[in-house]
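Predicted model, so just to flag it, every value in this text is computed and none were measured.
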Amino acid sequence: MIQLLIVNSSFYIKNNNLQVFQGTLKIAKDNGMLCDIDESLLFPNVNKLYKVSNAFSLDLYKMFKEGNASDEAVVEALQEFSKKFHHPYQRYCLNYTRAVKYLKTLKKEKSTD
């Protein structure tokens, strides 16, 4: 069951639609469009969350694949992940309201154009 969770989490991380949007926004900016959008306000630290989550998923998957996934090892990995993930996730949550407000402002500006 835990192995299925790891595989699903890894799939989600690899196929995160937010990263698709970030990439599309970057391409648009590279082509002179949407240059006034501040992506640091929309995605304050999404890349950090991605890196920490991806590293955890890969470490846990490797642990199971190599047969080193004792209860103690899994608990230790989860505790380590919690330490690394807590601060970036807390920052993400604190900035979420600001990001939504910024997105609403962008939508409002677009509708008045």
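Among all heavy-atom pairs drawn from Phe56 and Ala77, the shortest one is CE1-O, 3.6 Å. A pairwise comparison of heavy atoms in Ser53 and Phe85 identifies OG-CE1, 3.4 Å as the closest pair.
Tyr89 OH: 12 or fewer foreign heavy atoms inside a 6.0 Å radius.
For the salt bridge (charged side-chain N to carboxylate O under 4.0 Å, His left out) test, residues two or more places apart in sequence or in another chain that qualify with Asp30 are Lys26. For Lys84, the side-chain contact (heavy atoms from CB on, under 4.5 Å) partners are Val52, Glu80, not counting sequence neighbours. Not a single side-chain contact (heavy atoms from CB on, under 4.5 Å) links Ala99 to another residue, sequence neighbours left out.
Between the side chain of Lys29 and the backbone N or O of Ile37, at least one donor-acceptor pair lies under 3.5 Å. Distance alone, capped at 3.5 Å, places no donor-acceptor pair between the Ser82 side chain and the Leu78 backbone. A donor-acceptor pair is defined here as one N or O able to donate and one able to accept, closer than 3.5 Å; such a pair exists between the side chain of Tyr102 and the backbone of Asp38.
Atom CG of Leu103 and atom NZ of Lys108 lie 13.5 Å apart (nearest 0.5 Å). Considering CG of Asn68 and CG of Leu60, their distance stands at 11.5 Å, rounded to 0.5 Å.
In terms of hydrophobic clustering, with Ile, Leu, Val, Met, Phe, Trp and Tyr side chains grouped at heavy-atom distances under 4.5 Å, Leu106 and Tyr96 are assigned to a common cluster.
Taking 4.5 Å as the limit, some side-chain heavy atom of Lys62 sits within range of a side-chain heavy atom of Glu66.
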